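See structure below.
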Amino acid sequence: MIKRFYLLFSITLLFSQLSATNDKLFFGACNSFSKDMKFDCYHDFKEMSQFLKDAQAKYPQLAKLESIGKSYQGRDLWLITITDFKTGKPEDKPAIWIDGGVDSDEVISTEAALGLVHRLLTSNDKDIDNLRKTRVFYILPNLIPDGSELHHHTVLRPRDSTLKPWDDDNDGKFDEDPPEDLDGDNMALQMRVEDPSGDWVKDEKDERLLRRRKPDDPGPYYERYSEGIDNDGDGDYNEDWPGGIDPNRNYPGNWSVKQRGAGAFPGSENELRSALDFIYDHPNISASQSLHSTGGVILRPPSVPEMKLPNADLSLYIALSERGLNITRYGLATSVYQWNWPRGSKNSGKGQLRRLENGTIKGMDPFDGGGNHYGHLDHEDAYAAYGGALDGLYELFGVLAFANEIYRFGEDLDNDGRVSQSEQLKYDDEQMDSKVFKAWTPFDHPQLGKVEIGGWKKFGQNNPLPPYLEDEIERNVDFMLMQARALPLLSISDVKQEYLGKNIYRLTTTILNSGFQPTELAIRFVNNKSVPVRSYLSVSNKVMVLDDEKEKEIDKINGNGKEEVSWLVHGSKGSKVTINVYHPKGGRTSKEIKLSR
């Protein structure tokens, strides 16, 4: 009878919460796409879809919208390709991949992707125009739309997961015990309850926070839960949320069955598999940014201790990271594995860069004889992420992959390399008019008795409030554009003709890579997956190529570097010859000449 009551109570809560799902619970409707629009709200799936459709309709010469697959619940995975289609086929230009919405509650990521779409299509800046002519942007603003819809339309702050049902507690039931909004504020937050055997006590730094219990702590002691009831009557609270497979732990490459959220096998999720198939089919993708929040951190590989970056790639990452810190004004650039936020590291290891308060960027020498240097980090204190996007894109596809942890809430008052929750509370009190943390409020819980409900709200800590949204979008768009400018870009800078007599010419061609990034990353050579730069001649029947090797190969061309290739040809004066150069990640280029003496 008691279990039946709690089941009916849970169903009543569920239906009352879902009844509001036709409208966003926060911030109202967003403005439609326009040249002068402001980014001061959060787009749900319907609004995002319309934004992208309007963008393509207004700029058909620059944008192509397609659905590359379906989410678990059947929503389109919209991808917009942006380039100047008059200047060549997209697949013949170097490309950058941008994705947002991988983690369901990090909805700022979708807004940053839409901000990039807007800037690329509406800007008359010469630099943007050049990027449209010479590069391609593949932008997928929301990879897991099912999850973000929960964030916008329900009381949940969803976890990083697809919505495919998953049995978290191995009881044979799926998603049966999610959090609920008990006090009617449209948010399922946290609960704390006094318990003599509790593992938590109030934190001396700020009693709104709890810390782990230490020996001889006088109490009172607490247990803490997410807000809700024990739906399945097993004595645990909210232990089986919607979904459970983390797409950012489901990438192939360094996937591990032991990783929480990894799923049954790598690439098991519809959404991720659709993205991977697209990336595989577009080898011109040479760089990427995966958009996340929060912390104000620029992340790069490796994500696990087993992976070591070749020195050349590490130098490339650090150079672009330094530029990224200057652009975003964030405080830290690091590998995922070395990123110990929020575990308390001062983030001062080799290969990391920190931006100090005066704007100076400091870091330790990343080289220690060869390979990455990790020191002696405790594995439990480091942030290992098996099956993550960065390592998968980098190692499997040779993509220079970054992740942006957009937005840092609070200030590092003690300069220890992180922003603690007590520092965030101080910031909320003094700078945000206490809009981000809900004060603990007594509540009579139907099962636990007297509890307190409160904690961090759905917006403000992880995603900026609307007045602060546009600034975060602008600087992250600037970072994405900077990385796009660094993509390898091949051109033929010079062709020298040497007449050898009897209608024989030696043609020496200089091939230039004007991008900062090489045509192939060093990891591709380590894994025997590198593709050479290929060059060949197109000639009429009046010209004969005398070389045994008609196609010339160059292993790679470094960033801002050049290489020469030459051919012997036989032809009459004035005959036309076209030099063709191609690399999937560096683009396709050609130059026509006339034989002359």
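Index from 1, following the sequence. All values derive from a computational prediction rather than experimental measurement.
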Q | Check: Asn462 main-chain N/O paired with Ser293 side-chain donor or acceptor under 3.5 Å | A | yes
(Q) For the residue pair Gln424 / Gln461, report whether a side-chain donor-acceptor contact shorter than 3.5 Å exists. (A) yes
Q) Between Glu452 and Pro442, is there a donor-acceptor pair closer than 3.5 Å when you use the side chain of the first and the backbone of the second? A) no
Q. Hey, does the side chain of Trp255 reach the backbone of Ala262 with a donor-acceptor pair shorter than 3.5 angstrom?
A. yes
Q | Separation between CZ of Arg213 and CG of Asp216, rounded to the nearest 0.5 Å | A | 10.0 Å
**Q.** Nearest non-hydrogen partners of Leu325 and Ile298, listed with the distance
**A.** N-CD1, 3.6 Å
Q: Have a look at Glu149 and tell me which of Asn142, Asp44, Leu163 forms a side chain to side chain contact (heavy atoms under 4.5 Å, CB included) with it.
A: Asp44
Q) For Asn238 and Ile229, which heavy atoms make the closest approach, and how far apart are they? A) OD1-O, 3.3 Å
(Q) Quick check against the 3.5 Å criterion: does Asp433 have a side-chain atom that pairs as donor or acceptor with the backbone of Lys435? (A) no
Q | Ser67 side chain to Asp76 backbone, donor-acceptor under 3.5 Å | A | no
Q | Spatial distance of atom CD1 (Ile279) from atom CH2 (Trp97) [nearest 0.5 Å] | A | 4.5 Å
Q: To the nearest 0.5 angstrom, please state how far the CD1 atom of Ile406 sits from the CG atom of Leu469.
A: 9.5 Å
Q. Is it true that Asp146 and Arg75 have a side-chain N and a carboxylate O under 4.0 angstrom from each other?
A. yes
Q. If we ignore angles and hydrogens, is there a donor and acceptor under 3.5 Å between the side chains of Thr162 and Glu269?
A. yes
(Q) Determine whether His445 and Tyr225 satisfy the following criterion, ring-ring contact (aromatic ring centres under 6.0 Å, His included), listing intermediate values before the conclusion. (A) CA-CA 12 Å; His445 192 279; Tyr225 309 90; 8.0 Å; no
Q. So how far is it from Asn463 CG to Asp105 CG, rounded to the nearest 0.5 Å?
A. 6.5 Å
Q.
Evaluate Ser335 against Gln338 for side chain to side chain donor-acceptor pair (under 3.5 Å), listing each step before the verdict.
A. CA-CA 5 Å; Ser335 72; Gln338 287 179 288; 3.2 Å; yes
Q.
Would you say Asp246 and Ser161 are linked by a side-chain donor-acceptor pair, where the criterion is simply a distance under 3.5 Å?
A. no
**Q.** N-O pairing of Lys202 and Asp217 below 4.0 Å
**A.** no
Q) Any donor and acceptor pair, going by atom type alone, linking the side chain of Glu395 with main-chain N or O of Gly392 inside 3.5 Å? A) no
Q: Identify the heavy atoms of Pro464 and Glu472 that sit nearest to each other, and give their distance.
A: CG-CG, 4.2 Å
Q.
Testing the 3.5 Å rule here: is there a donor-acceptor pair between the side chains of Gln421 and Trp456?
A. yes
**Q.** Asp167 (side chain) donor-acceptor with Asp171 (main chain) under 3.5 angstrom
**A.** yes
Q. Are Arg192 and Tyr222 in a cation-pi setup, meaning NZ or CZ lies under 6.0 angstrom from the ring centre and within 45 degrees of the ring axis?
A. yes
**Q.** Ser422/Asp206 under side chain to side chain donor-acceptor pair (under 3.5 Å): CA gap, chis, key distance, verdict
**A.** CA-CA 6 Å; Ser422 60; Asp206 194 309; over 6 Å; no
Q) Is NZ or CZ of Arg408 both nearer than 6.0 Å to the six-membered ring centre of Tyr330 and within 45° of the ring axis? A) no
Q) Quick one: are Asp199 and Glu223 in side-chain contact, heavy atoms under 4.5 Å? A) yes
Q: Identify the heavy atoms of Gly455 and Leu189 that sit nearest to each other, and give their distance.
A: O-CD1, 4.2 Å
Q. Can any side-chain N or O of Glu271 pair as donor or acceptor with the backbone N or O of Tyr72 at less than 3.5 Å?
A. yes
(Q) Evaluate Glu470 against Lys38 for salt bridge (charged side-chain N to carboxylate O under 4.0 Å, His left out), listing each step before the verdict. (A) CA-CA 7 Å; Glu470 193 157 51; Lys38 289 186 177 182; 5.8 Å; no
(Q) Could you go through Asn404 and Gln289, starting from their C-alpha distance and side-chain angles, then the distance that decides it, and tell me whether this counts as side chain to side chain donor-acceptor pair (under 3.5 Å)? (A) CA-CA 7 Å; Asn404 303 351; Gln289 288 200 23; 2.6 Å; yes
Q | Interatomic spacing from NZ in Lys426 to CD in Glu423 - rounded to 0.5 Å | A | 10.0 Å
Q. Can you name the nearest heavy-atom pair linking Ser434 to Lys457, along with the distance?
A. O-NZ, 4.5 Å
Q) Relative to each other, are the rings of Trp440 and Phe437 parallel, tilted or perpendicular (30° and 60° limits)? A) perpendicular
(Q) Under the ring pair (Phe, Tyr, Trp, His ring centres under 6.0 Å) test against Phe278, which residue among Trp78, Tyr138, Phe397 passes? (A) Tyr138
Q. Do the charged groups of Asp471 and Arg329 touch, with an N to O distance under 4.0 Å?
A. yes
Q.
Checking side chain to side chain donor-acceptor pair (under 3.5 Å) between Lys24 and each of His43, His153, Glu47, which is the one that passes?
A. Glu47
**Q.** Distance, nearest 0.5 Å, that separates OG1 of Thr328 from CG of Asn476
**A.** 6.5 Å
Q.
What verdict does the side chain to side chain donor-acceptor pair (under 3.5 Å) test give for Tyr407 and Glu106, after you've listed the backbone C-alpha separation in whole Å, the side-chain angles of each residue and the deciding distance to 0.1 Å?
A. CA-CA 10 Å; Tyr407 180 56; Glu106 299 173 2; over 6 Å; no
Q.
Go through it in stages, so that I can follow the logic: the residues are Arg159 and Asp168, the test is salt bridge (charged side-chain N to carboxylate O under 4.0 Å, His left out), and I'd like the CA-CA distance, side-chain angles, deciding distance and then a yes or no.
A. CA-CA 13 Å; Arg159 58 183 175 176; Asp168 287 291; 2.5 Å; yes
Q.
Parallel, tilted or perpendicular: which one describes the rings of His152 and Tyr42, with boundaries at 30° and 60°?
A. tilted
Q) Which atom names give the shortest non-hydrogen contact between Asn31 and Cys41, and what distance separates them? A) N-SG, 4.5 Å
Q) Does any N or O in the side chain of Glu405 come within less than 3.5 Å of the main-chain N or O of Val297, such that one atom is a donor and the other an acceptor? A) no
(Q) Keeping Asp177 on the side-chain end and Asn231 on the backbone end, is there a donor-acceptor pair under 3.5 Å? (A) yes
Q.
If we count only N and O atoms by modelled type, under 3.5 Å, do the side chains of His292 and Asp103 hold a donor and an acceptor together?
A. yes
